[in-house]
Asks: 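The structure's right below; bear with me while I get my questions together.
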Amino acid sequence: MAEKITSRSVDYSQWYLDIVLNAKLADYSPVKGCMVIRPRGYAIWERLRDELDRRFKATGHVNAYFPMLIPMSFLKKEAEHVEGFAPELAVVTHGGGEELDEPLVLRPTSETIIWDKYRDWIQSWRDLPLLINQWANVVRWEKRTRLFLRTAEFLWQEGHTAHETSKEAEEETLRMLEVYRSFAEEFLALPVVAGVKSDSEKFAGAVRTYTIEAMMQDRKALQAGTSHFLGQNFAKAFDVKFQSREGKLEHVWASSWGVSTRLVGALIMTHSDDKGLVLPPTLAPEEVVIVPIFKGDSKPAVLAYGERLATALKSLGLRVVFDSDESNSPGWKFAEWEMRGTPVRIELGPRDMEAGKVVLVRRDTGEKEIVAVEAAPARVRELLGLIQANLLERARAFRVENTKSIGTRDEMLAFFSKEGAGTADATGGFAEALWCGSAECEAGLKAETKATLRCMPMDRQEGISGTCALCGAPAKHRAIFSRSY
RNA sequence: CGGGACGUAGCCUAGAGGCCAAGGCGUCAGCUUUGGGAGCUGAAGAUCGCGGGUUCGACUCCCGCCGUCCCGACCA
């Protein structure tokens, strides 16, 4: 059969789509910009969601659910907020066959409807902190959509917290950023840079936005999660006050933070290759697949050999699929499970059986090894750990390799003019440079190169001295610039 | 929302005004097979994206719309 997946080097966008569609993660919907998440894609989301939910609860948060329909007037209460979302709102104007008195918006995010309730729920410092998360769908009428990366409707979680002091709210903001960072690296094997957004890139309504940024294989940046310090903006807009320990009436301080189904897109674009999806073992619906190879009358014996091994693997708690289906050839199955991203494949046939061995194949490197069948379960478990670690390290090495320290404007322009080199959609990667802090400077670079300020890495702000790589003014920050999704 | 490309069976492609729309993959049945997407035989499967128009005749030409992808402006 013909090659199903377009090579990354030929057309990166098409490669990504080929994987999403061929690995049956998602499909198009009759409504423009919306997507159907297919069972295999949803299984990945569920694993991701469950682990994140566990980490939220471990840090003291509880789940709740707020409605999808929000009165238009709520959005308008926070000026910057409504301005930021107005262009992408979907609005419900009719209900029950009649025009509504007030249009309702499909939530693009839930700050407003949540803070409307917080006003009632928060009276005293004893009601704080309030640490609520919700898992929900949101709608943003995007002009240009891409499966998982940007769709008109997507699934996400949004945490909304209220605190007594600015310091506590900012600590919460940073705590959740760290939850995202560690989750991305430990669970998704997605190396990220944690940092602060510039004013022009921050969330509409936030005082400060923190982000985790990942580098995809085409060297573009992808914002994988954000955590916002909201100050008292929403508390003031929705008049949420509490009586402090000193007996004074004060507005509460807030944070909000979220990650979405976009993470599934990030996973695909970070780890996968021209043979298909590559999944970290933590997220794979099945960690290991066994493909038996029959020859002549060896079938019953080979099947039994495979079944025994499957049982042994399961007894270690591993997620195992025994692909004993007879209608497809072994070669077909090898390719198919590679397309699906299963981390480890075990091949076993009459020759292996006679020798008491099996063949183990790693999805991440393609390496094969032959081991004694009794040793296989322990070795598989070991391999899964190695694969998980290798995916993270491989992606991190790629990012480091494609991150360059830039000192001058000319260097910067040269860095981002590499378009077309290497992969079809290549960019220079991450440019790390000193920056004066001016929005004009940032906008100028964007106009010339499409590169935006992704973040100011939090661990790289010590000892800033020198001049802005863009304009030569005294530098205030060290920032990462890149083209992005 | 602008510019470009494309839309023919589940998927990919041929047909470029003229008889019954062609082939490959996949699907189904049977046989034969199985160490990297096997083989043979047979079968099913298409309002040619939708709507108008030109024409004796439209998958083919014209107009409009819808959708997908790519490139721009905007965004998780």
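Chain identifiers are assigned alphabetically (A, B, ...) following the order of the sequence lines, protein sequences preceding nucleic acid strands; residue numbering begins at 1 within each chain.
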Asks: Does the side chain of A:Lys446 get closer than 4.0 angstrom to OP1 or OP2 of B:C74 through an N or O atom?
Replies: yes

Asks: Report yes if a side-chain nitrogen or oxygen of A:Ser329 is closer than 4.0 Å to either non-bridging phosphate oxygen (OP1 or OP2) of B:A38; otherwise report no.
Replies: yes

Asks: Quick one: label A:Pro87 by what it contacts on the DNA or RNA (base, sugar-phosphate, nothing), any heavy atom closer than 4.0 Å.
Replies: nothing

Asks: With rounding to the closest Å, how many angstrom separate the C1' atoms on B:C56 and B:C19?
Replies: 15 Å

Asks: Using Watson-Crick or G-U wobble geometry with both distances under 3.5 Å, which nucleotide pairs with B:A5?
Replies: B:U68

Asks: May I ask you to verify if any side-chain N or O of A:Arg146 is less than 4.0 angstrom from the OP1 or OP2 atom of B:C69?
Replies: no

Asks: In whole Å, what is the span from the NZ atom of A:Lys295 to the C1' atom of B:U33?
Replies: 11 Å

Asks: Sticking with atom P, work out how far B:G17 lies from B:C61, rounded to a whole angstrom.
Replies: 7 Å

Asks: Measure from NZ or CZ of A:Arg399 to the centre of the six-membered ring of A:Phe430 and say whether it is under 6.0 Å with the direction within 45° of the ring axis.
Replies: no

Asks: Between A:Tyr485 and B:C75, is there a contact of a side-chain N or O with OP1 or OP2 at under 4.0 Å?
Replies: no

Asks: When rounded to the nearest Å, what value does the distance between C1' atoms of B:U27 and B:G72 take?
Replies: 42 Å

Asks: Using the P atom on both, measure B:A58 against B:A21 and round to a whole Å.
Replies: 14 Å

Asks: How is A:Lys450 classified with respect to the nucleic acid when contacts are heavy atoms under 4.0 Å: base, sugar-phosphate, or nothing?
Replies: sugar-phosphate

Asks: Using the P atoms only, state how far B:U68 lies from B:C11, rounded to an integer number of Å.
Replies: 15 Å

Asks: For a quick check, tell me whether the side chain of A:Asn328 and the base of B:G37 share a donor-acceptor pair closer than 3.5 Å.
Replies: no

Asks: In this structure, is the centre-to-centre distance between the rings of A:Trp257 and A:Phe56 below 6.0 Å?
Replies: yes

Asks: Take atom C1' in B:A22 and the same atom in B:C40, then report the distance between them in whole Å.
Replies: 23 Å

Asks: What is the distance from OH of A:Tyr28 to P of B:G10, rounded to the nearest Å?
Replies: 18 Å

Asks: Applying a 4.0 Å non-hydrogen cut-off, can you work out what A:Phe154 is touching in the nucleic acid: base, sugar-phosphate, or nothing?
Replies: base

Asks: For B:A76 and A:Thr226 - does any side-chain N or O of the residue sit under 4.0 Å from the phosphate oxygens OP1/OP2?
Replies: no

Asks: Checking the side chain of A:Glu338 only, and the main-chain atoms of A:Gly366 only, is there a donor and an acceptor separated by less than 3.5 Å?
Replies: no

Asks: Would you sort out whether A:Asn390 and A:Leu386 count as a side chain to side chain contact (heavy atoms under 4.5 Å, CB included), showing the intermediate values?
Replies: CA-CA 6 Å; A:Asn390 179 51; A:Leu386 292 171; 5.9 Å; no

Asks: How far does the P atom of B:G23 sit from the matching atom of B:A46, given to the nearest Å?
Replies: 15 Å

Asks: Quick one: is B:G3 close enough that its OP1 or OP2 comes under 4.0 Å of any side-chain N or O from A:Arg144?
Replies: no

Asks: Distance check needed: B:G37 P versus A:Asp274 CG, whole Å only.
Replies: 18 Å

